[in-house]
Amino acid sequence: MILEAVMLQVKDGMEDEYEMAFKEASLIISSMKGYDSHELHRCIEIKGKYLLLVRWHNLEDHVIGFRESPQYLEWKELLHPFYDPFPNVEHFENIPLTS
């Protein structure tokens with residue numbers, strides 16, 4: 001399992017429209033092979049800032065399976081116009097803290 005983490009900055013005044021578009025985009029990502037779950041969090045301190053967390057079975061499910069799919073083009077069309085600057089996507093793996 002890997003965790004995709006993305007800090008997003010939405011253009012000023014477009015937050016409500018973005019959140020509606022994200023609900024539609026959620027249907028796209030949740031239908032992808034290797035997808036496990038996702039969460040979108042709105043920052044309390046900074047207007048227009050969001051944190052997206054997506055859990056994938058493996059890295060390839062995201063960077064190849066999703067990003068190289070026709071569904072990604074729909075995702076991109078729905079969400080990318082809202083971002084300024086364009087977000088940086090990072091992937092993390094869990095570190096077991098108990099034996």
Side-chain angles (χ1 to χ4, degrees):
M1 184 76 58
I2 63 118
L3 178 66
E4 170 193 356
V6 190
M7 199 64 68
L8 306 163
Q9 185 62 49
V10 171
K11 295 174 186 172
D12 191 38
M14 300 186 79
E15 296 85 1
D16 290 342
E17 188 180 347
Y18 172 71
E19 291 177 21
M20 288 190 302
F22 196 91
K23 287 178 184 178
E24 186 176 342
S26 290
L27 299 173
I28 296 169
I29 199 169
S30 64
S31 72
M32 298 305 300
K33 178 184 177 291
Y35 162 89
D36 186 61
S37 66
H38 72 282
E39 305 167 13
L40 182 66
H41 299 265
R42 182 186 317 117
C43 182
I44 295 169
E45 292 84 11
I46 301 171
K47 186 176 187 223
K49 187 174 188 177
Y50 294 83
L51 172 63
L52 172 62
L53 301 172
V54 185
R55 287 171 184 80
W56 297 95
H57 293 177
N58 58 59
L59 184 62
E60 292 75 21
D61 287 332
H62 178 230
V63 298
I64 297 170
F66 180 52
R67 286 247 179 114
E68 294 182 6
S69 72
Q71 292 90 332
Y72 179 72
L73 297 177
E74 294 176 55
W75 169 275
K76 183 177 170 179
E77 186 176 314
L78 278 169
L79 299 178
H80 288 194
F82 291 101
Y83 303 136
D84 186 24
F86 193 76
N88 183 37
V89 176
E90 298 176 307
H91 299 92
F92 298 84
E93 59 186 350
N94 187 47
I95 298 172
L97 300 176
T98 58
S99 330

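In this structure, V89 is a member of the same hydrophobic cluster as Y18, with clusters built from ILVMFWY side-chain heavy atoms closer than 4.5 Å. Transitive grouping of hydrophobic side chains (ILVMFWY, heavy atoms separated by less than 4.5 Å) brings F66 and L59 into a common cluster. Two different hydrophobic clusters hold Y35 and L53 under the rule that ILVMFWY side chains link at heavy-atom gaps under 4.5 Å. Residues V6 and V54 are members of one and the same hydrophobic cluster, defined by side-chain heavy-atom contacts under 4.5 angstrom among Ile, Leu, Val, Met, Phe, Trp and Tyr.
Considering NE2 of H80 and CG of L73, their distance stands at 10.0 Å, rounded to 0.5 Å. Atoms CE and CH2, from M32 and W75 in turn, are 11.0 Å apart once rounded to the nearest 0.5 Å. For the atom pair CD of Q9 and NZ of K47, the computed distance is 10.0 Å after rounding to the nearest 0.5 Å. Interatomic distance, I64 CD1 to K33 NZ, rounded to the nearest 0.5 Å: 10.5 Å. Atom CZ in R67 sits 10.5 Å away from atom OG in S69 (nearest 0.5 Å). Of the inter-residue distances, the one linking L3 atom CG with F92 atom CZ reads 7.5 Å to the nearest 0.5 angstrom.
Ring-plane geometry between H62 and H91 is classed as tilted, the angle between the planes lying from 30 to 60 degrees on a 0 to 90 degree scale. Ring geometry for F86 against Y83 counts as perpendicular: the plane angle is over 60°, on a 0 to 90° scale with 30° as the lower cut. F22 and H38 have tilted rings, their planes meeting at an angle from 30° to 60° on a 0 to 90° scale.
The 12-atom threshold is not exceeded at CD1 of I44, counting heavy atoms of other residues, nucleotides or ligands nearer than 6.0 Å. More than 12 non-hydrogen atoms from other residues, nucleotides or ligands lie less than 6.0 angstrom from CD of E39. Around the CD atom of E19, the shell of radius 6.0 Å holds more than 12 heavy atoms that belong to other residues, nucleotides or ligands.
Side-chain atoms of L8 and L79, non-hydrogen and from C-beta on, never get closer than 4.5 Å to each other. M1 has its side chain within reach of H57: a pair of non-hydrogen atoms, C-beta onward, lies under 4.5 Å apart. Within the 4.5 Å cutoff, the side chain of M7 has no heavy atoms near those of the N88 side chain.
Counting all heavy atoms, side chain and backbone alike, L78 lies closest to F82 at O-CE1, 3.1 Å.
The main-chain N or O of P81 is found under 3.5 Å from a side-chain atom of K11 such that the two form a donor-acceptor pair. Judged purely by atom type and a 3.5 angstrom limit, E77 has no side-chain atom pairing as donor or acceptor with the backbone of Y72.
If you check the side chains of Y50 and E15, you find no donor sitting under 3.5 Å from an acceptor.
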